[in-house]
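See below for the structure under consideration.
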Amino acid sequence: MTTTQTTDTLRRILDYSSRPDPYPLYAELRETPVAAQEDGSYVVSTYREIADLLHNPHLSSDVRNLSHPMPTHEGDATPAFINLDPPEHDRLRRMAMRHFGPPHTPGLVAGAEGDLTAIVGTLIDGFAGKEQIDIVDDFAYPFPVSVICHLLGVPREDEPRFHLWVEALVDSIDYNPETDPKEKLENGLQARKDLRRYLGGLLEKRHGRPGDDLLTRMANDDGPDGRMTDEEIVSTANLLLIAGHETTVNLITNGMLTLLRHPQVLRRLRGEPDLVVPLVEELLRYEPPVHIIPWRAAYSDITVGDTVIPKGSQIMLMLASGSRDPNRFHEPDRFDPDRRDIQHLGFGSGIHLCFGGPLARLETQIALTALVRHLDGPRLVTDPPPYRRSPILRGPVHLLVEQQAAG
């Protein structure tokens, strides 16, 4: 396709009307694996090219390496490690991982299974007496929010405050100065400041005090790399709070929607609970919670396929398109929990592979197993359901389900 055609396809993908089913448009985009856009950016939509770039050391996650600055960039804020390159990225990620997973805290996720199951049980009990349930509001949102608040040490009762900030922040991720009102950007930048200020206030109370939550551990830990600065802790906590629930809400909701659209798989999962492990991996390929990495920067000229991407160019990686690439997956538009080869891009890849992937997997496995076990004859009220605005973090904003009987 020509540059004009691929730009039009991308514009349609980003348009809200395509949110229920962007996959046919991804297929159009894959006709040109590396597509130059009219604004000088590049869109990469095929599996092999995306995977290669995610492992390419000449690809930068630092906005300062873009020729044209991003409008959503906070120039005076300490970036989270997800927006940094080695060696700073490696240092901060290593320091955070000391408290979140192997090798220093290997039992954090596996040891949380009992608590996760208890939270899910309480939410399921709340379905009693209801013939209609909103999977998002009644279950998929409160579950991971409760989990990440507990892990971080953020008061659960503060959720109404930070929920508004997170919504504004996520809404601004795909800000387009040509089509979006300036208020969208301003609201997002203000939300970032408010959320950082809030987390900074929590951090002040953690210094020199014992505690098992991540904020306290980061505030008082002197590991091989030293101690994080307060600004680095706030940036890390900000990342974990947002990523720790936003993506999991989508994964659980997309998962339940997919099961309701494939009732034979739902019935099978009810009788074969161990199926949930490969099923969640297939969900991460088939209906992932993150569809797009909206930008990376070329450190230097990069050759991708037959295309040379100039230094400083913005590169958009279409993860969900890559995971439906027929040159990589057999019958990619078919949901198949028995699929053996599921090397999806649902959590990215390379040095920025999703930090919280193991926790998100476990949460989703527990959530879907409980939902199919306890919902009686569930059926969708509306299909397709209403979707969130974001084309990047894609998922239903509500998922109304009716059941035959309460309980």
Side-chain angles (χ1 to χ4, degrees), residues 53-66 69-70 72-105 108-109 148 151-154 166 169-170 173 188 192-193 195-200 202-203 206 213-248 289-290 292-299 315 317 319 345-360 392-393:
L53 280 171
L54 289 172
H55 291 267
N56 191 323
H58 295 282
L59 197 71
S60 173
S61 298
D62 192 330
V63 70
R64 292 167 292 190
N65 288 307
L66 286 169
M70 299 288 289
T72 55
H73 175 54
E74 293 177 282
D76 59 344
T78 300
F81 59 78
I82 196 174
N83 293 320
L84 291 171
D85 301 323
E88 276 300 282
H89 162 272
D90 299 349
R91 178 182 69 86
L92 290 172
R93 180 171 173 129
R94 194 164 54 237
M95 293 171 81
M97 280 297 292
R98 282 176 58 80
H99 313 290
F100 196 81
H104 300 287
T105 319
L108 179 72
V109 173
I148 198 61
L151 287 175
L152 265 178
V154 172
V166 171
L169 197 156
V170 170
I173 290 175
R192 282 176 170 85
K193 293 177 182 177
L195 184 54
R196 286 174 181 269
R197 189 179 301 114
Y198 166 74
L199 291 170
L202 295 180
L203 177 61
R206 299 309 211 281
D213 61 82
L214 292 176
L215 267 176
T216 302
R217 290 182 181 181
M218 288 189 290
N220 297 288
D221 179 59
D222 289 303
D225 293 291
R227 184 178 295 193
M228 286 185 183
T229 66
D230 281 6
E231 291 78 11
E232 290 169 344
I233 295 173
V234 166
S235 290
T236 301
N238 182 73
L239 169 64
L240 296 180
L241 179 62
I242 297 171
H245 73 274
E246 281 290 311
T247 54
T248 311
V290 180
I292 303 168
I293 295 177
W295 70 268
R296 287 289 188 265
Y299 258 142
I315 303 172
L317 303 176
L319 299 182
L345 299 171
F347 286 140
S349 191
I351 65 170
H352 291 290
L353 181 70
C354 180
F355 186 90
L359 178 61
I392 297 168
L393 300 173

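Basis for what follows: all heavy atoms, side chains included, without hydrogens, waters or symmetry-related copies. Treat the numbers as computed from the prediction; the structure is a model and nothing was measured.
Residue pairs satisfying the side-chain hydrogen bond (donor to acceptor under 3.5 Å, both in side chains) criterion with at least one member in residues 236-245, sequence neighbours excluded, are absent.
Ala237 pairs by the side chain to side chain contact (heavy atoms under 4.5 Å, CB included) definition with Leu152, Leu199, Leu215, not counting sequence neighbours. With sequence neighbours excluded, the residues that form a ring-ring contact (aromatic ring centres under 6.0 Å, His included) with Phe355 are Phe81, Phe100. The side chain to side chain donor-acceptor pair (under 3.5 Å) check on Asp90 picks up nothing, with sequence neighbours excluded. Shown here are the ring-ring contact (aromatic ring centres under 6.0 Å, His included) partners of His352, two or more places apart in sequence or in another chain: His89. With sequence neighbours excluded, the residues satisfying salt bridge (charged side-chain N to carboxylate O under 4.0 Å, His left out) with Asp213 are Arg206. Residues passing the side chain to side chain contact (heavy atoms under 4.5 Å, CB included) test with Arg91, sequence neighbours excluded: Glu88, Arg94, Met95, Asp225, Glu232. Qualifying salt bridge (charged side-chain N to carboxylate O under 4.0 Å, His left out) partners for Arg217, counting only residues two or more places apart in sequence or in other chains: none. With sequence neighbours left out, Asn56 forms a side chain to side chain donor-acceptor pair (under 3.5 Å) with no residue at all. Applying the side chain to side chain contact (heavy atoms under 4.5 Å, CB included) criterion to Arg197, with sequence neighbours excluded, gives Lys193, Asp194. For the side chain to side chain donor-acceptor pair (under 3.5 Å) test, residues two or more places apart in sequence or in another chain that qualify with Ser235 are Arg196. The side chain to side chain contact (heavy atoms under 4.5 Å, CB included) check on Asn220 picks up Thr216, with sequence neighbours excluded.
Here the closest non-hydrogen pair linking Asp62 and Ala297 is O-CB, 4.3 Å. The shortest heavy-atom contact between Thr248 and Ala360 is OG1-CB, 3.8 Å. Nearest heavy atoms, Val290 versus Thr247: CG2-CG2, 3.6 Å. Shortest non-hydrogen contact noted between Arg98 and Pro224 is NH1-CD, 3.4 Å. A pairwise comparison of heavy atoms in Asp85 and Ser61 identifies OD1-N, 2.8 Å as the closest pair. Across all their heavy atoms, Pro358 and Val109 have their closest contact at O-CG1, 3.8 Å.
Atoms CG and CG, from Leu59 and Leu317 in turn, are 6.5 Å apart once rounded to the nearest 0.5 Å. Rounding to the nearest 0.5 Å gives a distance of 5.5 Å between CH2 of Trp295 and CG of Asn83. If you take CD1 on Ile82 and CD1 on Ile242, they are separated by 10.5 Å, rounding to the nearest 0.5 Å. In this structure, the separation between OG1 on Thr78 and CE on Met228 is 11.5 Å, given to the nearest 0.5 Å.
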**Request:** For side chain to side chain donor-acceptor pair (under 3.5 Å), just list the numbers for Ser60 and Arg296, CA-CA rounded to whole Å, side-chain angles, deciding distance to a tenth of an Å, and then say yes or no.
**Result:** CA-CA 6 Å; Ser60 173; Arg296 287 289 188 265; over 6 Å; no
**Message:** Checking Val234 against Leu203 for the side chain to side chain contact (heavy atoms under 4.5 Å, CB included) test, could you report, in this order, the C-alpha distance in whole Å, the side-chain angles of both residues, the deciding distance, and whether it holds?
**Reply:** CA-CA 8 Å; Val234 166; Leu203 177 61; 4.0 Å; yes
**Request:** Starting from the C-alpha separation in whole Å, work towards a yes-or-no answer on side chain to side chain contact (heavy atoms under 4.5 Å, CB included) for Leu108 and Leu151.
**Result:** CA-CA 9 Å; Leu108 179 72; Leu151 287 175; 3.9 Å; yes
**Prompt:** Between Val154 and Ile148, does a side chain to side chain contact (heavy atoms under 4.5 Å, CB included) hold up when you go through it step by step?
**Reply:** CA-CA 8 Å; Val154 172; Ile148 198 61; over 6 Å; no
**Asked** Could you go step by step and tell me if Leu195 and Leu241 meet the side chain to side chain contact (heavy atoms under 4.5 Å, CB included) rule?
**Response** CA-CA 10 Å; Leu195 184 54; Leu241 179 62; 3.9 Å; yes
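In this structure, Ile233 and Asp221 have side chains that are not in contact, with every pair of non-hydrogen atoms separated by 4.5 Å or more.
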